[in-house]
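A quick write-up on the structure given underneath.
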Number of protein chains: 2
Amino acid sequence: MSPRKLDPDTRTTLVDIAARLLAEHGAGALSTRKIAAEAGTSTMAVYTYFGSMSGLVREMVHEGFARLEQQFAGVRQTDDPVADMAVLGHAYRHNARVNSHLYAVMFGGQSLAGFSLTEDDRQHGRYTLATVVDCAGRCIAAGRFGEADPLLVAHEMWITTHGLVNLELGGYLIDPVGADRAYEAMLTSLLVGVGDDVKSAAASLAASKKRRRREVETPEPVTSRN
Amino acid sequence: MSPRKLDPDTRTTLVDIAARLLAEHGAGALSTRKIAAEAGTSTMAVYTYFGSMSGLVREMVHEGFARLEQQFAGVRQTDDPVADMAVLGHAYRHNARVNSHLYAVMFGGQSLAGFSLTEDDRQHGRYTLATVVDCAGRCIAAGRFGEADPLLVAHEMWITTHGLVNLELGGYLIDPVGADRAYEAMLTSLLVGVGDDVKSAAASLAASKKRRRREVETPEPVTSRN
DNA sequence: CAGTGTTGCACAACGCCGTTATTCTTCACC
DNA sequence: GGTGAAGAATAACGGCGTTGTGCAACACTG
């Protein structure tokens, strides 16, 4: 009946249940007892598989970064790297909105079940940025961003998109500005600010819009399997 | 001995203690019992004055916005509005770093003591942006930002600075990029991106640096009185 | 194919939490 | 001075994360 070794399926089931509880009923509903009840086990399961409640939260953070990476992986590399960059930004935003509760844990700082980021967790996050650094490098190689530093440009993109998404999820961006309008404006400003010319930036942004649905929004990332 | 009416001093004392516990010992140390112990009262004090624990958290959020407003108020309006804008950005960042735990509650989303933002709380936050909108208007009037929309520019500034600060507080910005370098780079990119020319932007940024210490960092903000 | 030890798991308990009911005290008002 | 309203202390309730205890089931030894 009971398996002898730790069961990977049970492990992912627990993460899925936790993520769903978090998404559907908020942070207050994330408890060992509720998770155990949903999984049909005792509260001990959380401790055998994750050591503690915050261990499970950490697992959810890694899951969040994994989904972001998967989202990035769906973005093509074309001969218009600036458009690629815009699509990556959209992918970041889309991922954050679809997994908003995970996102809050990833970047919200502290306060969920006493969880706090370790340097390993952060490194995981920074590693995810590699895709953007690479794209920035291609923009520079294509002569679009002048002599910029790819790492710095990638950080500027990250900061911008992250700031937008964070305020958007916090409910701070409303009419008449709104998140969509702010996103487009910011992207334009930033691209021009790092060296692209106004017309080229506008063209790449227009090109990116056509790709967003196909490369970002279509394969609804699998949240759970329960 | 016991006052007949609700004592405003006791009220602010409770907020101060809560903010200090949060800052010094993290979210886990924020409990009615610990607050009561420090204040020399019973746990009931939290309920008499704030209705609940999350009511106290809400009060801390308002306190956070009040400090930000105070921080903004210390920034002068000069005949170089772009430099003013850069100083405002620095003020935002400085305030967030000095009150990082309040900041996390203001924008971190959910999850502290079941607290969640109401539309009133958000409105308070947006109102604080008025100073930035005004400054953007002066930039435009000075012919620095072309025909831009002040509200949109202010949002771009907010998004940028907020994104930077949030990642900085999360520990994600490290060498070789780092928060300081990223901040200067982002400010330059953004100013140029919204219409300023490269040389003018650089000059205003240089001018702003000299003002930062005096107008932002000197008057260590008083904890509270509300 | 037994014997044996390890280990996943359920159950119950501990100490903490937010919150509430009860009780007492103390002041404001007539 | 009497009376009623309201702040505040105490204790209790249910829920939380976590931990100790005991059992049962598998893996491994011979």
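Worth knowing before you read on, the calculation uses all heavy atoms, side chains too, and leaves out hydrogens, waters and symmetry mates. First the proteins, then the strands, lettered A, B, ... as listed; each starts at 1.
Of the candidate nucleotides dT10(D), dA10(C), dT18(D), dT18(D) has the atom lying nearest to any side-chain atom of Met53(A).
Put simply, Ser31(A) has a side-chain N or O that comes within less than 4.0 Å of OP1 or OP2 on dC16(D). Contact annotation: Tyr49(B) side-chain N/O to dA8(D) OP1/OP2 distance is under 4.0 Å. An OP1 or OP2 oxygen of dG15(D) is reached within less than 4.0 angstrom by no side-chain nitrogen or oxygen of Lys34(A). Under 4.0 angstrom from either OP1 or OP2 of dG8(C) there lies no side-chain N or O belonging to Thr48(A).
Side-chain contact annotation: Tyr172(B) with Trp158(A), donor-acceptor N/O pair under 3.5 Å absent. A donor-acceptor pair shorter than 3.5 Å can be found between the side chains of Glu217(A) and His90(A).
When the P atom of dG15(D) is taken as reference, atom CD1 of Ile35(A) falls 17 Å away, rounded to whole Å. In this structure, Leu14(A) atom CG and dG17(D) atom P are separated by 14 Å, rounded to whole Å. The CG-P distance, from Leu56(A) to dT18(D), rounds to 11 Å in whole Å. Note: CZ (Arg33(B)) to P (dT10(D)) measures 13 Å, nearest angstrom. With rounding to whole Å, His25(A) atom NE2 is found 13 Å from dC16(D) atom P.
The aromatic rings of Tyr92(B) and Phe107(B) sit tilted, their planes meeting at an angle between 30° and 60°.
The 5' end of DNA chain C is approached more closely, in terms of each residue's nearest nucleotide, by Met44(A) than by the other of Met44(A) and Thr43(B).
Among the protein residues, Thr32(B) comes within range of the nucleic acid bases, having at least one heavy atom under 4.0 Å from a base atom.
Note that Arg58(B) lies outside the cation-pi zone of Phe50(B), set by a 6.0 Å cut-off to the ring centre and a 45° limit from the axis.
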